[in-house]
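Bear in mind that the values here come from a model prediction, so they are computed numbers and not experimental data. In what follows, chains are A, B, ... by sequence order, proteins preceding strands, each numbered from 1.
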2 protein chains.
Amino acid sequence: MSLRHAILVLLQDQEASGYDLAREFANSIGLVWNATHQQIYLELGKLNEQNMVSYRHVPQEGKPDKKLYQLTDEGREELIRWLKKPAGPARIRDAFMVKVAGGQLADTQSLLSELEQLAKQRRERLATFEALAKRLDDEGLEDNLFNYLTVRRGILDQRAWLQWAEEVRRTLEDLSVSSATP
Amino acid sequence: MSLRHAILVLLQDQEASGYDLAREFANSIGLVWNATHQQIYLELGKLNEQNMVSYRHVPQEGKPDKKLYQLTDEGREELIRWLKKPAGPARIRDAFMVKVAGGQLADTQSLLSELEQLAKQRRERLATFEALAKRLDDEGLEDNLFNYLTVRRGILDQRAWLQWAEEVRRTLEDLSVSSATP
DNA sequence: AAGCGCTGCGCAATCCGTTGTATAAGCACT
DNA sequence: AGTGCTTATACAACGGATTGCGCAGCGCTT
């Protein structure tokens with residue numbers, strides 16, 4: 001279990017609300033570890049009970065009040081402890097890839113349009129990451145080294161996926177053409 | 001939930017035992033969807049109850065008997081139905097990446113050695129996939145198109161990861177050098 | 001004026017997944 | 001002779017994750 005540790009890592013840089021964390025999980029960190037807001041609020045509650053984090057109540061106008069969480073010393077120690085032991089293997093559940101593997105039974109056209117839709121998302125993400133990488137570079141890499149490396153991973157991942165998607169598109173389009181002219 | 005569909009996809013090509021499937025999940029498909037044998041046997045049981053798959057009992061000598069599962073017509077229909085609806089977003093749980101993001105608090109040396117260990121695994125997997133891609137190519141791509149595309153994804157993914165790892169290695173080694181000579 | 005989306009927090013039920021344990025036989029190694 | 005790996009299947013317990021639901025107010029569009 002390391003949703004808790006992902007949260008601790010995020011809180012290491014700055015205090016944040018559950019809502020803030022949910023947004024980060026939907027964007028940057030989501031590439032590496034995903035979680036929904038229900039999960040996050042629940043885990044923040046547990047972390048608070050265990051004195052890994054503390055929060056201060058921040059009233060807002062025009063918006064609901066929020067709780068800004070920050071790491072406690074105990075939380076930081078727990079994080080350091082976790083960082084020392086070897087990480088478990090990465091787990092993935094990529095339903096689209098399963099569909100590609102089962103492609104013989106699928107409709108090529110709908111596969112292609114789904115591919116294009118995903119490619120669009122990836123391109124957007126790539127642009128976001130590239131902009132972020134540039135910003136971190138301008139700000140000076142020393143202070144942002146590990147964020148920078150994480151973003152680089154995102155960039156290389158998007159590019160590799162898009163390159164693959166291009167291969168698939170070409171292959172499947174050739175297939176449609178040749179099957180349309182028997 | 002689509003462990004069931006991943007299993008149906010695998011059974012589409014050939015009948016297989018739970019053990020066979022577990023091996024495939026540990027290798028090729030594992031890159032895209034992972035599952036342990038407990039999960040697989042359980043799911044095969046459910047799929048059988050729902051008449052999505054059927055099995056024949058195969059006695060063996062020197063080894064335990066096995067059950068060879070195959071798709072039923074109903075299973076194939078269910079698979080086709082699933083292939084038509086859009087796939088959910090990919091979910092990942094990559095603990096090592098979380099560690100990199102929290103790298104400021106980590107020991108650089110142990111991060112580097114863990115990186116090298118993972119890189120070794122990736123290199124091995126890359127070699128396996130490349131050999132497999134070549135074999136499929138030799139056998140003729142028409143018959144193996146979707147397997148080939150899946151393997152290509154694996155290859156591009158490994159390469160992107162290894163490229164990133166190289167960046168990280170260089171960056172972190174520079175860091176060690178500069179901090180060792182203040 | 002109604003509907004939608006954003007900001008914010010949270011509970012409950014159920015389902016999925018992991019971990020631990022069990023059995024059983026052959027083979028290889030020390 | 002004992003240890004451990006491979007083949008092969010399966011149950012039980014627990015904890016993690018998903019899905020569904022609920023509240024609440026502001027601002028924007030239709």
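An end-to-end axis angle of 30° holds for the helix from C/dA1-D/dT30 to C/dT30-D/dA1, taken from five base pairs per end and rounded to 10°.
Applying the side-chain hydrogen bond (donor to acceptor under 3.5 Å, both in side chains) test to pairs two or more places apart or on separate chains, those with a residue in residues 39-49 of chain A are A/Arg4-A/Glu43.
Side chain of B/Thr72 to backbone of B/Asn51: a donor-acceptor contact under 3.5 angstrom is found. Between the A/Trp164 side chain and the B/Leu149 main chain, a donor and an acceptor come within less than 3.5 Å of each other.
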Donor-acceptor contacts, no H, no angles, side chain residues 21-30 of chain B, under 3.5 Å, sequence neighbours left out:
unit_1	atom_1	unit_2	atom_2	d
B/Arg23	NH2	B/Asp20	OD1	3.2
B/Asn27	ND2	B/Arg23	O	3.3

Considering only distance and modelled atom types, tabulate donor-acceptor pairs under 3.5 Å from the side chains of residues 88-106 of chain B, sequence neighbours left out.
unit_1	atom_1	unit_2	atom_2	d
B/Arg93	NE	A/Asn34	OD1	3.2
B/Arg93	NH2	A/Asn34	O	3.0
B/Arg93	NH2	A/Asn34	OD1	3.1
B/Asp94	OD1	B/Phe96	N	3.2
B/Asp94	OD1	B/Met97	N	3.3
B/Lys99	NZ	A/Leu83	O	2.9
B/Lys99	NZ	A/Lys85	O	2.8
B/Lys99	NZ	B/Glu114	OE1	2.8
B/Gln104	OE1	A/Gln12	NE2	3.4

Tell me, with the steps shown, if A/Tyr55 and A/Leu44 meet side-chain contact (heavy atoms from CB on, under 4.5 Å). CA-CA 10 Å; A/Tyr55 68 84; A/Leu44 281 172; over 6 Å; no

Determine, step by step, whether B/Phe129 and B/Leu156 satisfy the side-chain contact (heavy atoms from CB on, under 4.5 Å) criterion, reporting the C-alpha distance in whole Å, the side-chain angles of both residues, the deciding distance to 0.1 Å, and the verdict. CA-CA 10 Å; B/Phe129 286 145; B/Leu156 293 173; over 6 Å; no

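Both B/Pro64 and A/Gln60 sit near DNA chain C, but only A/Gln60 has its closest nucleotide nearer the 5' end. Along DNA chain D, the nucleotide closest to B/Arg93 and the one closest to B/Asp65 are compared, and the more 5′ of them pairs with B/Asp65.
Once you apply a 4.0 Å limit to the heavy atoms of chain A, the touched nucleotides of DNA chain C run 5' to 3' over C/dC6 to C/dT18. The span of DNA chain D lying next to chain A, judged by atoms under 4.0 Å from heavy atoms, is bounded 5' to 3' by D/dG16 to D/dC26.
Atoms CG and OH, on B/Leu47 and B/Tyr69 in that order, are 9.0 Å from each other to the nearest 0.5 Å. Atom CG of B/Leu132 sits about 10.0 Å away from atom OG1 of B/Thr150, to the nearest 0.5 Å. From B/Leu111, atom CG reaches atom NZ of A/Lys84 across 12.5 Å, with rounding to the nearest 0.5 Å.
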